[in-house]
Amino acid sequence: DPQASRIVYPQLQPRRRTKFTTMAARTFYLDGQSLTPEDLYEIGKGNCQLCLTEPAMLRIRESRRVIDEAITKGKPIYGVSTGFGSFASICIPPTELRQLQVNLIRSHAVGIGEPISLHTVRMMIALRVNGFCNGNSGIRPETVQKILAIFHADCLSRVPCQGTLGASGDLCPLAHLFLGMLGEGKMWSHAKQSWEPASGVLAAAGVEPIDLAAKEGLALINGTTFMCAHITEAFMRAARVLEQALLVAALSIEALKGSSKYFDARIHAARPHAGQVDAAAKLRSYLLPFSEIAEAHKELRVQDAYSIRCTPQVYGAAADTLAFVRGILTTELNSVTDNPLIFPPETVVSGGNFHGEYVAKAADFLAIGIAEVASMSERRLERMTNHALGGLPSFLIKSDKAGVDSGFMIVQYAAASLVSENKVLCHPSSCDSIPSSEGQEDHVSMGGFAARKAVSVVSNVEKAVALELLAACQALEFHRPARTTPCLERLHALVRERVPALEGDRYMGPDIDNCIELIRSGALLEIAPQEARN
């Protein structure tokens, strides 16, 4: 019975429900083996309960037994009875083992920069607990229970965005995450809407701070959690914008009098990359139902520009990139990435699972793959605003207003600036390394920055696709009264509910913001044909 392992531990619930937990909350069961990027991203939104399965709790207890027995027998274990990094050869007296763990958190909490989002902090907490569920970390069950109580009370630490090298894991940001749980540093006060001393935030929520025993500080901060949380956000947003970008591309192709023949299934079966085949099929579903606009110009051109006819090849490559990234990410979310690792009944082994190279490479690859979506999007926008290329009125403004009004002239500039910015952001972080800890940690992944800038790249892609959407809707106005396909008419209507057609120059900031919000919310997905959504 699969439900038999889904036992909710009463002690894992918050001691006092706060405003955060009064609404109906979804429950996620953590077992260290089945966490998905989709679930983790949802957890980050809050208003949910995290529970451990019975097998997971048993594994946690057993791994802690191994640590306790090793301490009793006086066995030297890295980070448990020795110092850290280049201090690994220094033995720590039994009376100072607890202080060693607290000092580890305090000394490593030296991050700088703006705080990461509360959404990301929640993901980090859930991800760290999920790693403990495999039973290789040696953390005490009661410490996990306190962490979950803090999570359920939505007491979230201030975690600066800079300071990690991505090996040994994300030491610095994780130290900040758990410094707050110790009652030190700062946490977000929902009541005051500001960062306040963690001790006060915990007290107001009615939850106890954690206290650390031997090995626990190291188990808490030695892992790829920070970079995984960020690449999860990048992945989820990239997947959402890519799906919508195909729909926006179809509208631009229609406005530019492009042909749907380039998306013939036979062409893509001859080069059957999964992403390419899928992208072409979706474009067909958007463009092939009868369109008065397409019917009027079906014999116009022998071939269109690459930004029209090569859309499946480019967007398909981005989709296959994301599929690869999802595989790496899903494995990492369910991995044990601290050190040393405990293997019951009695083995403790030092290794290097904390090294973030896998995540760093995936983050860099994600950024490179999704950036091309914006690059091609901007090229279609240019064609729509350039009369010589697209045949539409210059800058999508009526001819009797040309010169007095500038129309969409600078919208293309803005899109070009985003694409250019992404070119720099796509330089891979993971090809860099700076030795640290007196040469003991002589190769690092730089995965933290790789994942952070992947989020920035995706954000720029969202904006670029939104600008294309705004321009494509304006371009379609010049084909009226002819109608496009039902799907694309729904898309046009959705935008027009928020953004009126441009009859003359006006401040377009609100129009742009509305289109960006449509893209980020995933609203366009609801108007796609059912077969395209599947």
Salt bridge or not between [X] and [Y]? Use side-chain N to carboxylate O under 4.0 Å.
{"X": "D364", "Y": "K453", "answer": "yes"}
{"X": "E503", "Y": "K401", "answer": "no"}
{"X": "R483", "Y": "E292", "answer": "no"}
{"X": "R380", "Y": "D304", "answer": "no"}

Sequence-distant partners of [X], salt bridge (Lys or Arg N to Asp or Glu O under 4.0 Å), two or more places apart:
{"X": "R128", "result": "D338"}
{"X": "K463", "result": "none"}
{"X": "E233", "result": "R237"}
{"X": "R506", "result": "D511"}

Below 3.5 Å, can you tabulate the donor-acceptor pairs from side chains in residues 320-330 to any protein atom, sequence neighbours excluded?
| from | atom 1 | to | atom 2 | distance (Å) |
| --- | --- | --- | --- | --- |
| D320 | OD1 | G275 | N | 2.9 |
| D320 | OD2 | G275 | N | 3.2 |
| T321 | OG1 | A317 | O | 2.8 |
| R326 | NE | E38 | OE2 | 3.2 |
| R326 | NH2 | E38 | OE1 | 2.7 |
| R326 | NH2 | E38 | OE2 | 3.3 |
| T330 | OG1 | R326 | O | 2.8 |

Problem - Greater than 12 external heavy atoms within 6.0 Å of E114's CD - result: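 No, the 6.0 Å shell around CD holds no more than 12 heavy atoms from other groups.
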Report, one line per pair, each donor and acceptor closer than 3.5 Å where one atom sits in a side chain of residues 246-254; sequence neighbours left out.
| from | atom 1 | to | atom 2 | distance (Å) |
| --- | --- | --- | --- | --- |
| S252 | OG | V248 | O | 3.3 |
| S252 | OG | E468 | OE2 | 2.7 |
| E254 | OE2 | S291 | OG | 2.2 |
| E254 | OE2 | T484 | OG1 | 2.8 |

Exercise for the section: Taking all non-hydrogen atoms of both residues into account, name the closest pair between A167 and S445 and its distance. Expected result: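 For A167 and S445, the tightest heavy-atom pair comes out as CB-N, 4.3 Å.
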Practice task
Compute the ring centroids of Y41 and H119, then answer whether they are less than 6.0 Å apart.
Solution key: yes
